[in-house]
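In what follows, every chain begins at residue 1, and chains take the letters A, B, ... in the order their sequences are listed.
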Number of protein chains: 2
Amino acid sequence: MDITERRAKLREALIDAADEAIGRDGLSALKARALAEAAGCAVGAIYNVFPDLDALIYEVNARTLKRLDATLGAGLPADDPEAAMQALALGYHRFSRADSRHWRAVFAHQIPDGAVPPDWYLGLVGRLFRHIEEPLATLLPHLDGQIRQSLARTLFSAVHGIVSIGLEEKLGSTPDEIIARGLKLMVRAWVAGLPVATAPRPAIRP
Amino acid sequence: MDITERRAKLREALIDAADEAIGRDGLSALKARALAEAAGCAVGAIYNVFPDLDALIYEVNARTLKRLDATLGAGLPADDPEAAMQALALGYHRFSRADSRHWRAVFAHQIPDGAVPPDWYLGLVGRLFRHIEEPLATLLPHLDGQIRQSLARTLFSAVHGIVSIGLEEKLGSTPDEIIARGLKLMVRAWVAGLPVATAPRPAIRP
């Protein structure tokens with residue numbers, strides 16, 4: 001096994017170890033020493049394959065985003081935007097509950113002030129929004145593509161807010177079935193209201 | 001000065017010190033030793049007036065919630081639900097930017113598993129939602145009070161999601177004017193769509 005191969009193996013072993021540790025104990029419990037032990041290397045060797053722990057955390061969070069992407073994209077009805085948007089919102093809610101430690105790690109990961117995530121990572125985030133863009137294109141066929149993109153991000157953020165605030169014990173947590181009911185109502189309101197809200201404003205009549 | 005008075009003074013001094021430290025460096029920089037120094041007491045004396053640092057953080061976050069409450073409640077038009085909801089959403093966005101370290105601390109404060117916030121704190125959170133309940137009552141006069149309460153919480157969470165995801169550098173941050181545009185569009189969609197989505201379903205015609 002040459003050095004490139006060995007590095008690739010160590011890299012994979014460290015991502016596996018971090019993935020498992022985050023799934024078990026959450027992001028805040030991630031420690032270099034324990035990772036090195038689990039991957040069978042010296043602590044210093046971590047920094048031969050990753051510039052810092054942030055880079056390793058992006059790899060784990062990328063796996064989470066890919067799982068989320070696969071879950072959200074499965075079996076969406078192509079011709080019913082309300083059903084598709086409802087399936088997306090409820091699917092996001094379920095994912096956040098079923099794999100909550102990984103899901104929280106995506107948002108809890110604090111990067112240093114001024115740091116920006118790698119482009120490949122932002123690409124994965126952007127791919128998530130395309131699931132919402134598709135039903136939006138059916139619902140709002142007149143909408144400019146860039147505005148649709150931005151609206152997809154807004155809707156995703158709103159759903160994320162409903163799902164994550166519902167989980168916040170310190171704001172008084174909300175039972176899952178009430179959150180699901182809120183999400184369904186919100187999707188119904190969007191399907192009824194977005195065509196009105198995004199319609200070109202009629203010119204003032206003479 | 002008797003002991004009750006001294007305790008009350010120390011309590012206030014510690015809340016002041018924590019409030020200032022969070023506003024300056026954020027929640028994660030809060031340390032008992034620095035707090036004690038700023039308040040002019042021994043580290044152990046903190047625990048004579050607070051059971052733990054969490055209790056102190058609730059006090060600081062309560063001040064933040066009260067400032068937010070005062071900001072959101074100021075000058076809302078009573079008879080125009082769209083204008084009121086728009087003012088609330090944009091007011092929340094502005095507050096999150098103007099006092100971002102305090103605002104983040106409300107959500108970043110991690111409480112131990114199974115712990116619940118004190119009732120007086122949850123009361124302050126609940127009071128925030130009443131600002132949204134008022135325009136909702138104008139917009140949706142037929143709605144049952146409990147459903148309106150739950151809807152107000154859902155709308156607050158959606159706005160929070162749009163505001164906070166927009167701030168997340170690691171998901172690709174969004175310029176403030178795009179977030180504001182997203183919030184306005186969302187409020188327009190809600191005003192158009194919520195009456196439809198919450199209307200009693202018509203009985204199937206024979």
Do any of residues 180-197 of chain A have a heavy atom less than 4.5 Å from a heavy atom of chain B, and if so, which, in residue order?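 Within residues 180-197 of chain A, near chain B: A:G182, A:L185, A:M186, A:R188, A:A189, A:W190, A:A192, A:G193, A:L194, A:V196, A:A197.
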
Would you compute the distance between atom OG of A:S164 and atom CD1 of B:I165 and round it to the nearest 0.5 angstrom?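 So the gap between those two atoms works out to 7.5 Å.
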
Rounded to the nearest 0.5 Å, how far does CD1 of A:I162 lie from CG of B:L155?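 Output value for this atom pair is 7.5 Å.
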
Run the side-chain donor-acceptor check on residues 68-79 of chain A: report pairs under 3.5 Å with partners two or more places apart or on a different chain.
residue: A:D69; atom: OD1; partner: A:R130; partner atom: NH1; Å: 3.1
residue: A:D69; atom: OD1; partner: A:H131; partner atom: NE2; Å: 2.6
residue: A:D69; atom: OD2; partner: A:R127; partner atom: NH2; Å: 3.2
residue: A:T71; atom: OG1; partner: A:R67; partner atom: O; Å: 2.8

With sequence neighbours excluded, what pairs up with B:P141 under the side chain to side chain contact (heavy atoms under 4.5 Å, CB included) test?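 None.
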
Residues 30-38 of chain B, side-chain donor-acceptor partners within the protein, below 3.5 Å, at least two apart:
residue: B:K31; atom: NZ; partner: B:S28; partner atom: O; Å: 3.2

